[in-house]
Protein chains: 2
Amino acid sequence: MIVRQAANVLEIMEFFAQSRKPATLAEIADHFGWPRSSTFNLLATLSEKGYLYEPRPRAGFYPTPRWLAMARMISEVEPLPPWTHQLISDLSAETGETASIVAPAGVMAVFIDVVESAAAIRYFATIGHRVPIHATASGRALLLQYSQEERDSVYRKIEFKQYGPSTPISIEAVETELRNSIARGYCQSFGDYSRDLAGAAIPLPIGDRRLSVVVAGPEFRIGPKVGEVAALIARTVDRLRPKASA
Amino acid sequence: MIVRQAANVLEIMEFFAQSRKPATLAEIADHFGWPRSSTFNLLATLSEKGYLYEPRPRAGFYPTPRWLAMARMISEVEPLPPWTHQLISDLSAETGETASIVAPAGVMAVFIDVVESAAAIRYFATIGHRVPIHATASGRALLLQYSQEERDSVYRKIEFKQYGPSTPISIEAVETELRNSIARGYCQSFGDYSRDLAGAAIPLPIGDRRLSVVVAGPEFRIGPKVGEVAALIARTVDRLRPKASA
DNA sequence: CAGATAAATTCACATATATGTACATCTTCC
DNA sequence: GGAAGATGTACATATATGTGAATTTATCTG
C-alpha cells in the first residue's frame with residue numbers, strides 16, 4: 001500500500017526542485033489538482049516542522065535550507081569514493097551515452113549516481129531511478145555478486161513480467177543470462193525492460209558494497225558496439241580504481 | 001491540522017540524519033513506536049519513489065543520494081551570498097556564542113543558517129529551527145523591515161502567549177519594543193521566548209529579501225554586553241557586505 | 001476608496017487509510 | 001539439523017483523516 005501523504009511530500013519537494021522558485025498555496029494546489037484545504041494542511045505541516053518558509057511576504061512558500069543540511073548529514077556517511085563519479089563522468093564523455101552507478105534495493109536496482117549523455121536522444125535517468133534487478137544489465141551485474149541462496153531469495157519475490165520481447169520471464173532464463181554474462185565478461189540488455197534501450201554493465205564491488213557501473217543509450221547507437229563499450233568500462237575502472245581496494 | 005504521514009517522512013529522514021547508518025524495518029518501528037505494518041507501508045512508499053534503498057542485503061534501509069540531489073537543486077536558487085556565512089562564522093568565533101541568519105515564515109522566524117557556539121553551555125539551534133517572530137530579537141529585526149500594514153496583518157494572526165516574564169503579550173507591547181529597538185539601534189531579547197536565553201539582532205536586507213542576523217547565548221554571558229555584541233554585529237556586517245549591494 | 005474577486009482558513013462529515021491480526025519467511029542458537 | 005524467535009508481508013475493518021462547502025481575509029480594479 002502506498003502512503004499517499006508521504007508520497008505527496010516527495011512530490012512537493014520534486015516540484016520545488018523543478019520550478020526552483022517560491023509557490024503559493026493556490027499554485028501548488030492547482031499544479032497537483034489537490035483541494036486547497038488539503039494543500040493547506042500539508043504546507044502547514046511542512047512549515048511547522050521547519051522545512052518550508054515564506055522568503056518574502058505573499059510570494060509563497062519555498063523549502064528552507066534544512067533539506068540540504070539533512071541530506072548532507074545523511075550522505076556524508078559512506079559517500080561513494082570520488083573516483084566512481086570520475087568513472088561515470090569519463091565513460092559518459094567517451095561514449096556520449098548516459099553512465100551510472102547502481103545499487104540493489106530488494107527486487108529493484110537504484111541509480112545512486114548518474115552522468116547524463118549530452119545527446120538529444122539519450123537515456124534519461126536520474127539519481128533514485130529504479131529498474132527491475134533481473135531485467136536490466138546493471139541489475140544483473142549486481143546479481144552476479146550474490147550467492148546462489150541470496151539470488152534464490154530475490155527470485156521468489158520477483159513478479160516476472162514481459163516488459164519487452166527479450167525480457168527474461170523465468171528464474172531459469174535469468175540464471176542462463178547470468179551464466180552467459182560471465183562467459184561474455186559483461187552484462188548486457190537490449191530492451192529487456194525499457195523499449196529501445198540497450199546497456200552494458202559490469203559489477204563494481206566497493207568494500208562490502210555491491211554496486212555496478214552501466215553505460216546505456218538507444219539501441220541503435222549502443223547495439224553495434226556493446227562489446228567495445230563493455231571493454232571501455234572495464235579499462236576505465238582499472239585505470240581509476242585505487243590499486244589497494246578490492 | 002497536522003498531516004501525520006507527512007510529518008512521519010520528515011521524522012524518518014531526521015532519524016537517519018542522526019543515526020547515520022542503515023536501519024531495518026523493525027528498528028525503525030520500535031524507535032518510533034509505530035506498528036510494523038504501518039512502518040512497512042511507509043518504507044515501501046519511500047523505496048518505491050526512489051528515496052530509500054538497501055545498501056547491503058539484510059542490513060536494512062538507508063536514504064539514496066536522491067535526497068541530496070534534490071536538496072541541491074532546491075538550494076542552489078538564490079543561495080545566501082557567501083559573505084553571510086562568513087558573517088555568522090566570524091561573529092560566533094569572536095563572541096563565542098551561536099550566530100544565525102533568520103528569515104520570516106508567517107508569524108514565525110526560521111533559522112536559515114547557523115554557526116553554533118563551541119561553548120559547553122550554548123544556544124542550541126539548527127537550520128530550520130523556528131521561533132515566534134514577535135518574541136525574539138531576530139524576529140523583531142525582521143518586523144522592523146515590514147510596513148505598518150504588513151505588521152498589522154501579522155499581528156492579527158499571532159496568538160500572544162506568556163512564554164516568560166518579559167514576553168510582550170500585546171500588539172502595543174510589541175510596537176513599543178520595536179520603537180525602543182530603533183532608538184537603541186538594535187533588537188534585543190532577554191528570555192522573551194526561551195528561558196535564560198538572550199540575544200542581539202539587527203535587520204539584514206539582502207536584495208528584496210528581509211533577513212536578520214542574531215547572536216544569542218545564555219543570559220548570564222550575553223546580558224552584560226548586549227550593546228557590545230550588537231555593535232560588533234553592525235561592524236562585521238559593514239566590513240563583509242559588498243559595498244554595491246543594498 | 002468601495003465593491004468585486006481571488007486566496008487562505010476553518011470545520012463537520014463521509015471515506016480512504018492506518019493498523020491488529022494472521023501468515024510466511026528468514027535467522028539464530030542449542 | 002531442527003525448533004524457537006524474530007522479521008517481513010497481506011488483508012479486512014474501525015477510525016483517524018482528507019475534503020467540499022462555508023467563512024474570513026487579502027488583493028485587485030475602475
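Quick note on labels: first sequence line is chain A, next is B, and so on, each numbered from 1. Quick caveat: nothing in here was measured; it's all calculated off a predicted structure.
Atom pair Leu43(B):CG and dA18(C):P shows a separation of 13 Å (rounding to whole Å applied). Between the C1' atom of dT9(D) and the CZ atom of Phe61(B) lies a distance of 12 Å, rounded to the nearest Å. Rounded to whole angstrom, the span from the CZ atom of Phe40(B) across to the P atom of dA22(C) amounts to 19 Å. Asn8(B) has its CG atom 11 Å from the C1' atom of dA18(C), to the nearest Å. For Arg156(A) and dG8(D), the CZ to P distance is 16 Å, given to the nearest whole Å. In this structure, Arg36(A) atom CZ and dA26(D) atom P are separated by 16 Å, rounded to whole Å. Glu54(A) places its CD atom 13 Å from the C1' atom of dA7(C), with the value rounded to the nearest Å. At whole-Å resolution of the value, CG in Leu25(B) and C1' in dT25(C) are 14 Å apart.
Two residues are said to be in side-chain contact when any heavy atoms from C-beta on lie closer than 4.5 Å; Val131(B) and Phe111(B) meet this criterion.
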Query - Steps toward side-chain contact (heavy atoms from CB on, under 4.5 Å) verdict (Val214(A), Thr136(A)) - result: CA-CA 10 Å; Val214(A) 61; Thr136(A) 50; over 6 Å; no
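Both Gln5(B) and Asp30(A) lie close to DNA chain C; mapped to their nearest nucleotides by heavy-atom distance, the more 5′-ward contact belongs to Asp30(A). Each of Thr24(A) and Thr39(B) was matched to the nucleotide of DNA chain C holding its nearest heavy atom; the match closer to the 5' end belongs to Thr24(A). Between Asn41(B) and Ala26(B), the residue anchored closer to the 5' end of DNA chain D is Ala26(B), taking for each the nucleotide with the nearest heavy atom.
Using modelled atom types, one finds no donor on one side chain facing an acceptor on the other under 3.5 Å when comparing Glu11(B) with Asn8(B).
Closest to the side chain of Pro35(B), from the set dT19(D), dT19(C), dT7(D), is dT19(C). For Arg4(A), taking side-chain heavy atoms from C-beta onward, the closest of the listed nucleotides dG20(D), dT17(C), dG20(C) is dT17(C).
Judged by atom type and distance alone, Ser37(B) reaches the base of dG20(C) through a side-chain donor-acceptor pair under 3.5 Å.
None of Tyr51(A), Phe61(A), Tyr62(A) except one satisfies the ring-ring contact (aromatic ring centres under 6.0 Å, His included) rule with Phe16(A); the exception is Tyr62(A).
Using cut-offs of 30° and 60° for the angle between ring planes, the Trp67(B) and Trp67(A) rings count as parallel.
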